Amino acid sequence: MGMYRILIADDEPIERMVISKKINNLFQDQFEIFQAENGREAVSVHEENMCDIALLDIEMPVMNGLELARCLKRIDENIRIIFVTAFEQYALQAFGVDAVGYLLKPYLSEDIEKQLKKAFYIKSIPKQEIQIQTMPDLVIRVNGEQLKLGNTKQEELLA
(Lines give C-alpha, C1' and ligand atoms only; values in the text may rest on other atoms or scores of the structure.)
Protein backbone atom coordinates (compact mmCIF):
# COMPACT_ATOMS: atom_id res chain seq x y z
CA MET A 1 0.00 0.00 0.00
CA GLY A 2 2.87 2.40 0.66
CA MET A 3 2.73 5.56 2.73
CA TYR A 4 -0.45 7.53 2.19
CA ARG A 5 -1.08 11.06 3.33
CA ILE A 6 -4.41 11.76 4.93
CA LEU A 7 -5.88 15.15 5.67
CA ILE A 8 -8.50 15.35 8.42
CA ALA A 9 -10.48 18.60 8.42
CA ASP A 10 -12.93 19.07 11.27
CA ASP A 11 -13.56 22.07 13.51
CA GLU A 12 -13.88 19.73 16.54
CA PRO A 13 -10.40 18.82 17.93
CA ILE A 14 -11.81 15.73 19.67
CA GLU A 15 -13.28 14.42 16.40
CA ARG A 16 -9.91 14.87 14.67
CA MET A 17 -8.13 13.07 17.49
CA VAL A 18 -10.62 10.16 17.57
CA ILE A 19 -10.50 9.54 13.82
CA SER A 20 -6.66 9.81 13.78
CA LYS A 21 -6.40 7.23 16.57
CA LYS A 22 -8.81 4.89 14.82
CA ILE A 23 -6.86 5.16 11.55
CA ASN A 24 -3.54 4.49 13.34
CA ASN A 25 -5.02 1.52 15.21
CA LEU A 26 -6.43 0.05 12.00
CA PHE A 27 -3.45 0.60 9.74
CA GLN A 28 -0.47 0.66 12.16
CA ASP A 29 1.04 3.99 11.12
CA GLN A 30 0.92 3.35 7.36
CA PHE A 31 -0.37 6.90 7.06
CA GLU A 32 1.01 10.32 7.59
CA ILE A 33 -1.91 12.22 9.09
CA PHE A 34 -2.36 15.97 8.78
CA GLN A 35 -5.07 17.91 10.57
CA ALA A 36 -6.85 21.17 9.92
CA GLU A 37 -9.54 22.90 11.96
CA ASN A 38 -11.09 24.81 9.07
CA GLY A 39 -11.22 24.94 5.28
CA ARG A 40 -8.62 27.66 4.83
CA GLU A 41 -6.10 25.74 6.93
CA ALA A 42 -6.95 22.50 5.08
CA VAL A 43 -6.22 24.13 1.72
CA SER A 44 -2.74 25.27 2.86
CA VAL A 45 -1.98 21.88 4.44
CA HIS A 46 -2.93 20.16 1.17
CA GLU A 47 -0.91 22.60 -0.96
CA GLU A 48 2.18 21.89 1.16
CA ASN A 49 1.75 18.12 1.49
CA MET A 50 -0.38 16.96 -1.48
CA CYS A 51 -2.51 14.53 0.51
CA ASP A 52 -3.96 11.40 -1.12
CA ILE A 53 -7.15 11.24 0.93
CA ALA A 54 -9.15 13.93 2.72
CA LEU A 55 -11.66 13.17 5.48
CA LEU A 56 -13.83 16.26 5.65
CA ASP A 57 -16.49 17.32 8.10
CA ILE A 58 -19.28 19.04 6.19
CA GLU A 59 -20.48 21.55 8.78
CA MET A 60 -17.51 23.81 9.52
CA PRO A 61 -17.39 27.59 9.93
CA VAL A 62 -15.85 29.85 7.24
CA MET A 63 -15.88 27.22 4.47
CA ASN A 64 -18.05 24.10 4.65
CA GLY A 65 -16.77 20.67 3.65
CA LEU A 66 -18.46 20.72 0.24
CA GLU A 67 -16.77 24.02 -0.73
CA LEU A 68 -13.51 22.71 0.70
CA ALA A 69 -13.78 19.53 -1.40
CA ARG A 70 -14.14 21.65 -4.56
CA CYS A 71 -11.03 23.68 -3.62
CA LEU A 72 -8.97 20.57 -2.89
CA LYS A 73 -10.05 19.00 -6.21
CA ARG A 74 -8.93 22.16 -8.06
CA ILE A 75 -5.47 21.78 -6.49
CA ASP A 76 -5.30 18.04 -7.23
CA GLU A 77 -8.08 16.25 -9.11
CA ASN A 78 -6.81 12.91 -7.75
CA ILE A 79 -7.42 13.62 -4.06
CA ARG A 80 -9.98 11.16 -2.72
CA ILE A 81 -12.66 12.84 -0.63
CA ILE A 82 -14.51 11.08 2.18
CA PHE A 83 -17.09 13.11 4.05
CA VAL A 84 -17.56 12.58 7.76
CA THR A 85 -20.80 14.07 9.05
CA ALA A 86 -23.71 13.61 11.41
CA PHE A 87 -26.14 14.74 8.71
CA GLU A 88 -27.25 12.28 6.06
CA GLN A 89 -29.06 14.94 4.03
CA TYR A 90 -25.68 15.94 2.52
CA ALA A 91 -25.10 12.57 0.87
CA LEU A 92 -26.39 13.60 -2.54
CA GLN A 93 -24.38 16.85 -2.60
CA ALA A 94 -21.31 14.90 -1.48
CA PHE A 95 -21.39 12.76 -4.58
CA GLY A 96 -21.81 15.91 -6.67
CA VAL A 97 -18.21 16.80 -5.73
CA ASP A 98 -16.96 13.30 -6.62
CA ALA A 99 -16.65 12.05 -3.06
CA VAL A 100 -15.52 8.43 -2.87
CA GLY A 101 -17.11 7.86 0.52
CA TYR A 102 -19.42 9.07 3.22
CA LEU A 103 -19.08 8.29 6.93
CA LEU A 104 -22.11 9.02 9.06
CA LYS A 105 -21.42 9.87 12.71
CA PRO A 106 -21.35 7.91 14.96
CA TYR A 107 -19.23 5.57 12.84
CA LEU A 108 -17.39 2.39 13.73
CA SER A 109 -13.73 1.57 13.08
CA GLU A 110 -14.90 -0.95 10.46
CA ASP A 111 -16.68 1.88 8.61
CA ILE A 112 -13.46 3.91 8.44
CA GLU A 113 -11.49 0.86 7.31
CA LYS A 114 -14.02 0.12 4.55
CA GLN A 115 -14.02 3.72 3.27
CA LEU A 116 -10.23 4.05 3.31
CA LYS A 117 -9.70 0.70 1.56
CA LYS A 118 -12.18 1.77 -1.11
CA ALA A 119 -10.23 5.03 -1.55
CA PHE A 120 -6.94 3.11 -2.08
CA TYR A 121 -8.34 1.18 -5.02
CA ILE A 122 -9.41 4.22 -6.99
CA LYS A 123 -6.80 4.86 -9.66
CA SER A 124 -5.25 8.27 -10.14
CA ILE A 125 -5.78 10.03 -13.44
CA PRO A 126 -2.35 10.47 -14.99
CA LYS A 127 -1.52 13.98 -16.12
CA GLN A 128 -0.99 14.09 -19.90
CA GLU A 129 0.56 16.77 -22.02
CA ILE A 130 -1.25 17.36 -25.30
CA GLN A 131 0.27 19.44 -28.08
CA ILE A 132 -1.63 20.39 -31.22
CA GLN A 133 0.09 21.85 -34.26
CA THR A 134 -2.21 23.10 -37.02
CA MET A 135 0.19 24.53 -39.62
CA PRO A 136 1.55 23.44 -42.07
CA ASP A 137 0.06 20.02 -41.16
CA LEU A 138 -2.19 18.88 -38.35
CA VAL A 139 0.00 17.08 -35.81
CA ILE A 140 -1.23 15.97 -32.38
CA ARG A 141 1.17 14.71 -29.73
CA VAL A 142 0.21 13.13 -26.41
CA ASN A 143 3.16 13.09 -23.98
CA GLY A 144 5.51 13.72 -26.92
CA GLU A 145 4.22 10.80 -28.99
CA GLN A 146 2.48 11.60 -32.28
CA LEU A 147 -1.13 10.48 -32.48
CA LYS A 148 -1.98 8.50 -35.63
CA LEU A 149 -5.20 9.93 -37.03
CA GLY A 150 -5.88 7.48 -39.82
CA ASN A 151 -7.01 9.27 -42.97
CA THR A 152 -7.20 12.85 -44.20
CA LYS A 153 -10.98 13.00 -43.67
CA GLN A 154 -10.46 12.48 -39.94
CA GLU A 155 -7.75 15.15 -39.95
CA GLU A 156 -10.08 17.61 -41.73
CA LEU A 157 -12.90 16.95 -39.28
CA LEU A 158 -10.65 17.37 -36.26
CA ALA A 159 -9.07 20.52 -37.64
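This structure is a prediction, so every number in the text was calculated from the model and none was measured.
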Separation of [Y] [atom2] from [X] [atom1] (nearest 0.5 Å):
X: Ile53; Y: Ile33; atom1: CD1; atom2: CD1; result: 10.5 Å
X: Lys22; Y: Asp111; atom1: NZ; atom2: CG; result: 8.5 Å
X: Thr85; Y: Lys105; atom1: OG1; atom2: NZ; result: 6.0 Å
X: Cys51; Y: His46; atom1: SG; atom2: NE2; result: 6.5 Å

If I compare all heavy atoms of [X] with all of [Y], which pair ends up nearest, and what's the gap?
X: Leu7; Y: Ala42; result: CD2-O, 3.7 Å
X: Asp11; Y: Glu59; result: OD1-O, 3.5 Å
X: Ala36; Y: Glu41; result: CA-OE2, 3.6 Å
X: Tyr102; Y: Gln115; result: N-OE1, 3.5 Å
X: Arg16; Y: Glu37; result: NH1-CB, 3.2 Å
X: Gln30; Y: Phe27; result: CG-O, 2.9 Å

State, with a plain yes or no, whether a side-chain heavy atom of Ile82 is found less than 4.5 Å away from one of Leu116. yes
Any side-chain heavy-atom pair from Phe34 and Glu48 closer than 4.5 angstrom? no
Same hydrophobic cluster for Ile14 and Ile19, using side-chain heavy-atom links shorter than 4.5 Å among ILVMFWY? yes
Do Leu103 and Met17 sit in one hydrophobic cluster, given that two such residues count as connected whenever their side-chain heavy atoms are within less than 4.5 Å of each other, even indirectly? no
Run through Val45, Ile23, Leu56, Val84 and flag the one making a side chain to side chain contact (heavy atoms under 4.5 Å, CB included) with Ile8. Ile23
Can you give each donor-acceptor pair under 3.5 Å made by side-chain atoms of residues 62-74, sequence neighbours left out, with the distance rounded to 0.1 Å?
residue : atom : partner : partner atom : Å
Asn64   : OD1  : Leu66   : N            : 2.9
Asn64   : OD1  : Glu67   : N            : 2.9
Glu67   : OE1  : Asn64   : N            : 2.9
Lys73   : NZ   : Glu77   : O            : 3.3
Lys73   : NZ   : Ile79   : O            : 3.1

Check: [X] side chain, [Y] main-chain N or O, donor-acceptor pair, under 3.5 Å:
X: Asn24; Y: Lys21; value: no
X: Asp52; Y: Arg5; value: yes
X: Arg80; Y: Ala119; value: yes

